[in-house]
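Report on the following structure.
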Amino acid sequence: SSYIFSYEWLNKAIIVAPQISTKDWWDFGQNANGPLDAAMRIFDKVTSEYSCDNSRYYVTGGSMGGYATWQVAAKYNDVFAAAMPMCGWWTPSDAPRLLDMPIRIIHGTADSTVSVERSKLMYNAIKSNGGQKAVLQIFLHRRSRRERHRAGTRLAARLDRCRRRI
């Protein structure tokens, strides 16, 4: 199922956050029938029904959502203004499609679910193809084993603290 949240503190942002079963994968399907195809149809519906600034569409996700973030950014690099994959992975062969997109790549050093090397691989592929807009942010994890795969939680906590100061 999908949820649309509007937070006033985000300056009337619209957040589209599709969810899938833990048994599924975020992939584009044959004949446009995959979960990412469905997510993009939801995105298209929301952006056509609401007043949206099409120069400010961003894509983000963590873990399998980070995997999806890379795919969506590569396939729709002309639609999204920026991407922020967290603890995700993707194929470096798509790096040339990401050269002009600002990308903040977030990962934790002690992630045992998705190795931080996967984020480094994408970052290096983008850089070696001439991309200058990618930033790799690696968190040094010293906390619980469970938190190691959730580098984005630190970032979200920082954003929440910033919001409270406004």
Side-chain angles (χ1 to χ4, degrees), residues 1-7 10 12-108 111-123 125-126 129 131 133-137 139 146-156 159:
S1 60
S2 302
Y3 303 95
I4 300 173
F5 299 99
S6 181
Y7 292 96
L10 285 173
K12 298 185 180 182
I14 296 173
I15 299 171
V16 179
Q19 304 293 307
I20 61 171
S21 155
T22 57
K23 297 175 185 174
D24 291 324
W25 283 91
W26 280 118
D27 283 314
F28 289 104
Q30 292 187 6
N31 304 319
N33 282 332
L36 277 178
D37 299 298
M40 289 307 297
R41 284 192 294 275
I42 293 167
F43 172 81
D44 290 341
K45 182 172 176 49
V46 169
T47 57
S48 68
E49 290 183 11
Y50 293 88
S51 176
C52 300
D53 180 349
N54 66 359
S55 68
R56 296 175 64 188
Y57 296 152
Y58 310 106
V59 59
T60 188
S63 188
M64 192 174 9
Y67 167 79
T69 298
W70 282 116
Q71 288 186 78
V72 169
K75 186 168 182 176
Y76 295 98
N77 59 351
D78 58 333
V79 173
F80 291 93
M84 189 171 69
M86 297 177 284
C87 305
W89 69 100
W90 191 234
T91 176
S93 63
D94 269 341
R97 298 182 52 78
L98 300 165
L99 303 183
D100 295 324
M101 180 181 287
I103 302 174
R104 178 165 293 246
I105 307 162
I106 298 176
H107 218 120
D111 190 333
S112 60
T113 305
V114 177
S115 171
V116 69
E117 297 303 317
R118 299 300 299 266
S119 285
K120 289 178 181 178
L121 188 66
M122 282 303 295
Y123 174 78
I126 292 167
N129 278 281
K133 296 183 179 182
V135 174
L136 177 61
Q137 186 171 1
F139 287 98
R146 177 183 164 101
E147 187 180 298
R148 291 177 184 166
H149 186 57
R150 292 177 169 78
T153 57
R154 280 190 171 183
L155 179 65
L159 291 174

Ignoring hydrogens and angles, tell me if any N or O in the side chain of Thr69 forms a donor-acceptor pair with the backbone of Met84 under 3.5 Å. no

I need the minimum non-hydrogen distance between Met101 and Ala81, along with the two atoms involved. CG-O, 4.1 Å

Got Ile105 and Leu136 here, is their nearest side-chain heavy-atom distance under 4.5 Å? yes

Partner residues of Ala82 under the side chain to side chain contact (heavy atoms under 4.5 Å, CB included) criterion, sequence neighbours left out: Tyr58, Pro102

Distance (rounded to the nearest 0.5 Å) between Ser115 OG and Leu121 CG: 9.5 Å

What's the shortest heavy-atom distance between Tyr57 and Val79, and which atoms? CD1-O, 3.7 Å

Would you indicate whether the side-chain heavy atoms of Met122 and Ile103 approach each other to under 4.5 Å? no

What pair of heavy atoms forms the shortest contact from Ile106 to Ser119, and how long is it? O-OG, 4.5 Å

Could you pull out the closest heavy-atom pair between Ile126 and Trp70, with the gap in Å? CD1-CZ3, 3.9 Å

Close side-chain approach of Thr60 to Phe80, heavy-atom, < 4.5 Å: no

Can you name the closest pair of heavy atoms from Pro18 and Ala39 and give their distance? CG-CB, 3.7 Å

Just checking Asp100: does its CG atom have more than 12 heavy atoms from other residues, nucleotides or ligands closer to it than 6.0 angstrom? no

Rounded to the nearest 0.5 Å, how far apart are CE of Met64 and OG1 of Thr113? 11.5 Å

Quick check: Tyr76 with Phe43 (ring centres under 6.0 Å apart)? no

Side-chain donor or acceptor of Asp44 paired with backbone N/O of Arg41 under 3.5 Å: no

With side-chain hydrogen bond (donor to acceptor under 3.5 Å, both in side chains) as the rule and sequence neighbours excluded, what pairs involving residues 79-98 come up? Trp90-Asp94, Thr91-Ser93

Could you check whether any side-chain N or O of His107 sits under 3.5 Å from a backbone N or O of Lys120, counting only pairs where one atom can act as donor and the other as acceptor? no

